[in-house]
J.: 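My questions will all concern the structure given below.
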2 protein chains.
Amino acid sequence: MSRWKPDARGRLEKAALELYNHQGFDATTVAEIATRAGLTERTFYRHFTDKREVLFPAANPLADTLANATATAPASLPPLAVITHALTEAAPVLEERADLARQRQAVIAANPELQERELAKLAALASMLARTLRERGLEATTAALAAEIGIATFKVAFERWINDPDRHPLAQRIRETLDTAGHLTAPAEHVAATDDVSFTGHEGVT
Amino acid sequence: MSRWKPDARGRLEKAALELYNHQGFDATTVAEIATRAGLTERTFYRHFTDKREVLFPAANPLADTLANATATAPASLPPLAVITHALTEAAPVLEERADLARQRQAVIAANPELQERELAKLAALASMLARTLRERGLEATTAALAAEIGIATFKVAFERWINDPDRHPLAQRIRETLDTAGHLTAPAEHVAATDDVSFTGHEGVT
DNA sequence: GCCGTGATGTCAGTTGATGACATCACCGTA
DNA sequence: TACGGTGATGTCATCAACTGACATCACGGC
């Protein structure tokens with residue numbers, strides 16, 4: 001019989017998500033998480049750098065897919081088309097785990113500290129995208145801007161997807177959002193009492 | 001004679017910036033900051049919610065200017081033009097305090113926790129911009145996207161400005177960056193082994 | 001001259017985070 | 001088969017970030 005139950009890290013992730021959901025992030029203690037996972041507080045910190053990180057798995061298939069799709073897109077594509085391509089490729093990764101994604105997002109939306117961490121993760125993603133674009137031969141500023149705009153698009157589309165009661169596919173939301181982006185230089189079309197679905201998403205940090 | 005020296009908050013901000021600069025953020029203690037300002041640790045926490053917040057003044061002229069310029073731009077302007085207008089109006093606010101801005105940025109660049117807080121502040125800025133754009137009559141998604149792209153543009157331009165040895169004006173950097181944005185749908189122009197000034201800016205959080 | 005108020009000080013306590021050292025099943029090897 | 005190294009975990013101690021409760025006392029109004 002083995003000395004320890006397997007997958008300590010996974011047990012910690014699971015325990016943390018459950019507790020954060022039940023009692024809120026602030027009200028749950030690292031010691032609690034560890035105990036629920038049958039481990040010690042000290043061991044928690046051997047697997048995660050801090051109390052927030054447990055919600056952001058080290059192995060990130062979304063990042064991998066994005067990087068891969070960006071690197072292998074046809075060389076002739078304009079920067080924004082590369083982004084479009086990459087985002088479209090990456091969408092299914094989230095669709096597969098839609099339940100988990102929504103649960104995580106609920107916890108994050110309820111706590112500013114976690115929102116900060118999420119923004120940092122997205123910034124890291126943008127940074128990685130920019131590097132990949134440079135390696136494709138793009139000039140530094142162009143690459144950085146295309147990457148930032150790509151992530152910005154993703155943020156908007158993702159929030160629409162998460163809050164969408166009708167569960168439209170993420171890929172569709174991304175297409176719509178990219179389409180919106182294309183019209184940003186056209187004269188403003190005002191919304192005069194349209195029957196548009198209005199999103200009352202979270203307003204970010206103050 | 002008055003009971004306390006005036007401007008406790010200002011003294012704390014100054015003390016903090018100096019110490020963060022000298023010894024680094026991690027190596028300086030809230031108690032140290034307070035003592036140097038002639039106050040108590042407890043008093044520090046009456047003025048700032050945490051150790052990071054002291055670097056991000058509550059009164060934010062940049063945000064005010066952005067909001068104002070966005071709200072008062074001609075109604076006929078396309079969304080991106082409103083953003084362009086607002087960013088251009090806001091640029092001088094930073095130019096005026098270029099020294100302070102560079103000092104702050106150096107401290108922030110040296111510490112991931114501070115970078116997270118900065119991202120949160122920028123996200124709040126984007127959120128506010130989006131609200132203002134909606135109040136101008138823009139549909140929610142369009143507003144959110146335009147705001148995010150505006151902030152993304154600002155981030156890229158600001159980083160170029162801060163790291164620019166030649167001290168070109170921020171307004172110019174913003175114009176250039178917006179111009180770059182306009183070419184993102186054109187076929188990629190490759191940089192063949194240029195000796196381009198390479199920006200080794202901070203790469204974000206891993 | 002008394003009284004409420006607000007900015008600060010004092011103190012005690014919780015929790016997040018980290019370093020140093022101990023434990024002991026497992027695994028390869030002599 | 002015995003032996004020693006290794007890696008994941010536990011134990012203990014300590015620091016610093018934050019917070020609640022209560023005390024202080026110049027100032028300004030009445």
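So you know, we letter chains A, B, ... as the sequences are listed, proteins then strands, and number each from 1.
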J.: For the pair F44(A) and F48(A), name the ring-plane relationship: parallel under 30°, tilted 30 to 60°, perpendicular over 60°.
T.: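 Taking F48(A) first and then F44(A), their aromatic rings sit tilted (interplane angle of 30° to 60°).
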J.: Taking CG from L19(B) and P from dA17(D), how many angstroms apart are they, rounded to a whole number?
T.: 12 Å
J.: In whole angstrom, give the distance that lies between atom CD of E53(B) and atom C1' of dC18(D).
T.: 14 Å
J.: Could R9(B) and E13(B) be called an ion pair, given the rule that one side-chain N must be under 4.0 Å from one carboxylate O?
T.: yes
J.: For DNA chain D, whose closest nucleotide is more 5', that of W4(B) or that of R42(B)?
T.: R42(B)
J.: What about R46(A), does its side chain sit under 3.5 Å from the base of dG10(D) through a donor-acceptor pair?
T.: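 Answer yes: a donor N or O sits under 3.5 Å from an acceptor.
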J.: Taking OP1 and OP2 of dA17(C), is either one under 4.0 Å from a side-chain nitrogen or oxygen of Y45(A)?
T.: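 Result: yes.
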J.: By nearest nucleotide on DNA chain D, pick out whichever of R9(A) and D26(B) is the more 5' one.
T.: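 Looking at DNA chain D, the more 5' nearest nucleotide goes with R9(A).
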J.: Taking atom P of dT23(C) as reference, at what distance in whole Å does atom CG of L39(A) sit?
T.: 20 Å
J.: What integer distance in Å separates E41(B):CD from dT19(D):C1'?
T.: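 The distance from CD of E41(B) to C1' of dT19(D) comes to 11 Å, rounded to the nearest Å.
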J.: Report the distance from atom CD of E113(A) to atom P of dG16(C), rounded to the nearest whole Å.
T.: 10 Å
J.: So which one's nearest nucleotide on DNA chain C is more toward 5', T28(A) or T40(B)?
T.: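 Per heavy-atom nearest nucleotide, the more 5' residue is T40(B).
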J.: Side chain of K51(B), heavy atoms from C-beta onward: which of dA17(D), dT8(C), dA20(C) has the nearest atom to it?
T.: dA17(D)
J.: So if I take every side-chain heavy atom of R3(A) and compare against dT23(C), dG10(D), dT10(C), which nucleotide ends up nearest?
T.: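 Side chain of R3(A) sits closest to dT23(C).
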J.: Kindly say if T29(A) contacts the phosphate of dG16(C), meaning a side-chain N or O under 4.0 Å from OP1 or OP2.
T.: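 For T29(A), the contact criterion (side-chain N or O under 4.0 Å from OP1 or OP2 of dG16(C)) is met.
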J.: Taking C-beta and beyond as the side chain, do R104(A) and R97(A) meet within less than 4.5 Å on heavy atoms?
T.: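 Not in contact.
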J.: Rounded to whole angstroms, how far apart are NZ on K5(A) and P on dT9(D)?
T.: 12 Å
J.: Measure CD/E32(A) against P/dT15(C) and give the value in whole Å, please.
T.: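 Result: 9 Å.
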J.: Classify the nucleic acid contact of A8(A) as base, sugar-phosphate or nothing, counting any heavy atom under 4.0 Å across all strands shown.
T.: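 If one applies the 4.0 Å heavy-atom cut-off, A8(A) turns out to touch the sugar-phosphate alone, with no base involved.
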J.: Within the pair T43(A) and dG10(D), is there a side-chain N or O less than 4.0 Å away from OP1 or OP2?
T.: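 Yes.
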J.: How close do A37(A) and L12(A) get, heavy atom to heavy atom, and via which atoms?
T.: CB-CD2, 3.7 Å
J.: Rounded to the Å, how far apart are R52(B) CZ and dG16(C) C1'?
T.: 12 Å
J.: Salt-bridge test for K14(A) and E18(A): reply yes if a basic N is under 4.0 Å from a carboxylate O, no otherwise.
T.: yes
J.: For dA8(D) and H47(A) - does any side-chain N or O of the residue sit under 4.0 Å from the phosphate oxygens OP1/OP2?
T.: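 No.
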